[in-house]
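Note that the structure is a prediction, hence the values are computed from the model and not measured.
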Amino acid sequence: MKVVIAEGSAHKDLYKEKLKSFAKGIGICGEKVSYHDFPKPSRYDAAVIYGSYKKFRSSGHHRIKINIAESFKKYVQLETPVIGRSAKSSDHGYLRVGVNGFLWDEAEWGFDHIDKERYKKVWQDNGYKINQRWKTKGNHILILLQNPGDASLRGTDIFKWCYEAIEEIQKYSDRPIVVRPHPLPRKGFEAFANSISLFENVTMVENVLPHNLRPLEKDFKNCYCAVSYASGSAVDAVLAGIPSLTNDPGNMAWEVSRHEFKDIENRYIGDKIDWMKKIAMCQWSIAEFESGECWNHIKKSL
């Protein structure tokens, strides 16, 4: 198999090093690896890119990824991990690895080839309890926002979604609602915050990088249900035992969540083991990149 690494798809040296680690594992497995930012699909069986992309962006690394996604039948996409993420750092020990995407419903994750014991290692490596029980008590409903324009939103206006989500939730529940903003600076936030302030029984916490980053654990305390669109924080909620309601099938916590606001008082608190086994196959450590263990799994979907 001939694989091309699009090093220019990574806009930071740190990310380029991650691509090199991935390439090392491919080579160890006996595949032929080349580097080219705008490769011709006729010359390769697959391409590897770093990060998500937005079609309306004109920067070089976005154009490279768009070109590959539109011209290659198969490409491998490296992304921020699902488990063990940190808003304080972009240097993660694990990375999400999917074929032709990075969201739950669009990528090929190789679920037909699951190592049924691997989830124990992934949970342990990232400091989570395998037997975390659902927390069935709680008071407030937590709405987890995302950075406007984030690729995982797939065009959804997160501020409009949040406003409408509050309206819907209040039809079915009288619990207090807490809105947690994404920590990155965002255009239009002030107008959104003013509109939210008009609702009764709704508060918004302060969460801004770099100096006022609010720990998720603080908002998870006494939380009845975490509501999100496609936020990775939905996974953090499930890992903490907080029931989740997700609105988009691309959400990585989709299989262990409710999806309609009418079910806000009927939370999913069922089995998580099958999901845990699947989600563990969606991310791999840098050591597994370099050993070829990740590639041996991923190539089954190419």
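Here Asp37 does not pair with Arg63 in a salt bridge; the nearest charged N to carboxylate O distance is not below 4.0 Å. Between Lys277 and Glu117 there is no salt bridge, since no side-chain nitrogen of the basic residue lies less than 4.0 Å from a carboxylate oxygen of the acidic one. Electrostatic pairing of Glu31 and Lys299 counts as a salt bridge here, judged by a charged N lying under 4.0 Å from a carboxylate O. Salt-bridge formation is not detected for the pair Arg214/Glu206: no Lys NZ or Arg NE/NH1/NH2 atom is positioned less than 4.0 Å from an Asp or Glu carboxylate oxygen.
What you find for Ala237 and Ala226 is that their closest heavy atoms are CB-CB, 3.7 Å. Across Asn247 and Phe261, no two heavy atoms sit closer than the pair OD1-CZ, 3.2 Å.
Note that the CZ atom of Arg180 and the OG atom of Ser231 stand 9.0 Å from one another [nearest 0.5 Å]. To the nearest 0.5 Å, atom CG of residue Leu144 and atom OG1 of residue Thr246 are 11.0 Å apart. A distance of 4.5 Å separates CG of Asp236 from CZ of Arg85, quoted to the nearest 0.5 Å. Rounding to the nearest 0.5 angstrom, the gap separating the NZ atom in Lys16 from the CG atom in Leu19 is 8.0 Å. Considering CZ of Phe189 and CG of Leu184, their distance stands at 12.0 Å, rounded to 0.5 Å.
Checked by atom type, the side-chain pair Gln77/Ser52 shows no donor-acceptor distance below 3.5 Å. Side-chain contact annotation: Glu288 with Ser291, donor-acceptor N/O pair under 3.5 Å absent. A donor atom on one side chain and an acceptor atom on the other are found under 3.5 Å apart for Asn251 and Ser228. Checking Ser59 against His11 by side-chain atom types alone, no donor-acceptor pair falls below 3.5 Å. No donor-acceptor contact under 3.5 angstrom links the side chains of Asp105 and Trp254, judged on distance only. Side-chain polar atoms of Glu290 and Ser21 form a donor-acceptor pair below 3.5 angstrom. In the model, Tyr229 has a side-chain atom that pairs as donor or acceptor with a side-chain atom of Asp248 under 3.5 Å.
Remark: side-chain polar atoms of Asn212 are not paired, donor with acceptor, to backbone N or O of Val208 under 3.5 angstrom. With hydrogens and angles ignored, the 3.5 Å screen pairs no side-chain donor or acceptor of Asp263 with any backbone N or O of Asn266. Looking only at distances, no side-chain donor or acceptor of Ser173 sits under 3.5 Å from a matching main-chain atom of Gln170. Here the side chain of His92 pairs no donor or acceptor atom with the backbone of Tyr94 at under 3.5 angstrom. Formation of a donor-acceptor pair under 3.5 Å by the Gln146 side chain with backbone atoms of Ala230 is found in this model. Side-chain atoms of Arg96 come within 3.5 Å of backbone N or O of Phe102 as a donor-acceptor pair. Panel note: side chain His61, backbone Ala10; no donor-acceptor pair is recorded below 3.5 Å.
Within 6.0 Å of atom NZ in Lys2, 12 or fewer heavy atoms from other residues, nucleotides or ligands are found, so the atom counts as exposed in its surroundings. Within a 6.0 Å sphere centred on NZ of Lys262, heavy atoms belonging to other residues, nucleotides or ligands number 12 at most. Around the CD atom of Gln124, the shell of radius 6.0 Å holds no more than 12 heavy atoms that belong to other residues, nucleotides or ligands.
Trp123 and Tyr119 have perpendicular rings, their planes meeting at more than 60° on a 0 to 90° scale where under 30° would count as parallel. Using a 30° and 60° split on the angle between ring planes, Phe22 and Phe289 fall in the perpendicular class, above 60°.
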Practice problem: Give the C-alpha distance, both sets of side-chain angles, the deciding distance and a yes or no for salt bridge (Lys or Arg N to Asp or Glu O under 4.0 Å) between Lys221 and Glu217. | Solution: CA-CA 6 Å; Lys221 186 176 181 180; Glu217 294 75 21; over 6 Å; no

Quiz item: Are Trp295 and Leu302 close enough, and set up right, to give a side-chain contact (heavy atoms from CB on, under 4.5 Å), and what steps lead you there?
Solution: CA-CA 10 Å; Trp295 177 251; Leu302 294 175; 3.3 Å; yes

Exercise. Determine, stepwise, if the pair Glu106 / Arg154 fulfils salt bridge (Lys or Arg N to Asp or Glu O under 4.0 Å).
Key: CA-CA 11 Å; Glu106 72 177 12; Arg154 299 191 276 205; 3.6 Å; yes

Exercise. Would you check, one step at a time, whether the test side-chain contact (heavy atoms from CB on, under 4.5 Å) holds for Val4 with Phe72?
Key: CA-CA 11 Å; Val4 60; Phe72 273 74; 4.1 Å; yes

Self-check item: salt bridge (Lys or Arg N to Asp or Glu O under 4.0 Å) assessment of Lys18 paired with Asp13
Solution: CA-CA 9 Å; Lys18 307 285 188 184; Asp13 289 340; over 6 Å; no

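Looking at residues two or more places apart in sequence or on another chain, you find a side-chain contact (heavy atoms from CB on, under 4.5 Å) between Glu70 and Lys55, Ile66.
Side chains of Gln283 and Glu79 form no contact here, defined as non-hydrogen atoms less than 4.5 Å apart. Residues Ile141 and Val227 are in side-chain contact: their nearest non-hydrogen atoms beyond the backbone lie under 4.5 Å apart. Taking 4.5 Å as the limit, every side-chain heavy atom of Tyr268 sits out of range of all side-chain heavy atoms of Ser257. Between Asp219 and Val205, some side-chain heavy-atom pair lies under the 4.5 Å cut-off. Two residues are said to be in side-chain contact when any heavy atoms from C-beta on lie closer than 4.5 Å; Asn201 and Ile177 fail this criterion. Counting only heavy atoms from C-beta outward, the side chains of Ile242 and Leu142 never approach each other to under 4.5 Å. With a 4.5 Å cut-off on side-chain heavy atoms, Lys120 and Ile130 count as touching. Put simply, the side chain of Ile83 reaches to within 4.5 Å of the side chain of Ile279, judged on heavy atoms.
For the pair Arg118 and Trp284, the cation-pi test (distance below 6.0 Å, angle within 45°) is passed.
A distance of 6.0 Å or more separates the ring centres of Phe192 and Tyr163. Between Trp104 and Phe111, the distance separating the two ring centers is shorter than 6.0 angstrom.
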